[in-house]
Amino acid sequence: MNLEEDNIEKRKHAPLSNSEAASFFFIPIGFAKISKWENTDFNVSEMARFKKFGFERKIKQASEMRLYGMIFYISITILLTYFLG
């Protein structure tokens with residue numbers, strides 16, 4: 001394997017950076033869109049980039065972070081309605 005192929009293989013298996021994970025977690029859905037359960041424009045473009053370059057691990061982690069973000073916001077909503085209601 002040459003150096004370029006080795007770097008390509010490393011990038012395919014690299015995890016999400018903290019800032020990438022935070023963006024998928026804190027903005028999991030498109031709040032200003034008609035269909036609120038769709039990705040935001042940033043998340044759509046990042047997922048397209050991950051798919052284009054074959055970053056399977058990042059695709060999996062980004063999907064998990066979106067799910068955790070949705071669970072987080074639903075939990076906060078439930079807790080606020082319980083304690084304030």
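Residues take their numbers from the sequence shown, with the count starting at 1.
Within 6.0 Å of CZ on Arg49 lie more than 12 heavy atoms contributed by other residues, nucleotides or ligands.
Atom-to-atom distance recorded for Ile8:CD1 and Lys10:NZ is 12.5 Å, nearest 0.5 angstrom. Taking CD of Glu46 as the reference point, atom OG of Ser23 lies at 6.5 Å (rounded to 0.5 Å). To the nearest 0.5 Å, atoms CD1 (Ile76) and CD1 (Ile74) are separated by 11.5 Å. Distance CG/Asn2 to CG/Asn7: 9.0 Å, rounded to 0.5 Å.
Arg57 places none of its side-chain heavy atoms less than 4.5 Å from the side chain of Phe50. Using a 4.5 Å cut-off on side-chain heavy atoms (C-beta onward), Phe55 and His13 make no contact.
At least one donor-acceptor pair under 3.5 Å links the side chain of Tyr73 to the backbone N or O of Phe26. Between the side chain of Glu9 and the main chain of Asp6, no donor-acceptor pair closer than 3.5 Å is present.
Less than 6.0 angstrom separates the ring centroid of Phe25 from the ring centroid of Phe72.
Placement of Phe42 and Ile59 in two distinct hydrophobic clusters is found when ILVMFWY residues are connected by side-chain heavy-atom separations under 4.5 Å, directly or transitively.
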Inset, instruction - With side-chain contact (heavy atoms from CB on, under 4.5 Å) as the test, would you mind laying out the steps for Met47 and Ser63 before giving the verdict? - result: CA-CA 9 Å; Met47 289 296 272; Ser63 298; 3.9 Å; yes

Inset, instruction - Check step by step if salt bridge (Lys or Arg N to Asp or Glu O under 4.0 Å) holds for Lys12 and Glu56. - result: CA-CA 7 Å; Lys12 282 187 178 184; Glu56 295 88 15; 5.2 Å; no

Legend entry - Evaluation steps, salt bridge (Lys or Arg N to Asp or Glu O under 4.0 Å), between Lys60 and Glu64: CA-CA 6 Å; Lys60 182 177 181 277; Glu64 289 175 358; 3.0 Å; yes

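Across Pro28 and Gly69, no two heavy atoms sit closer than the pair CG-C, 3.9 Å. A pairwise comparison of heavy atoms in Ile27 and Asn43 identifies O-ND2, 2.8 Å as the closest pair. The two residues Leu16 and Gln61 have their closest heavy-atom pair at N-OE1, 2.7 Å.
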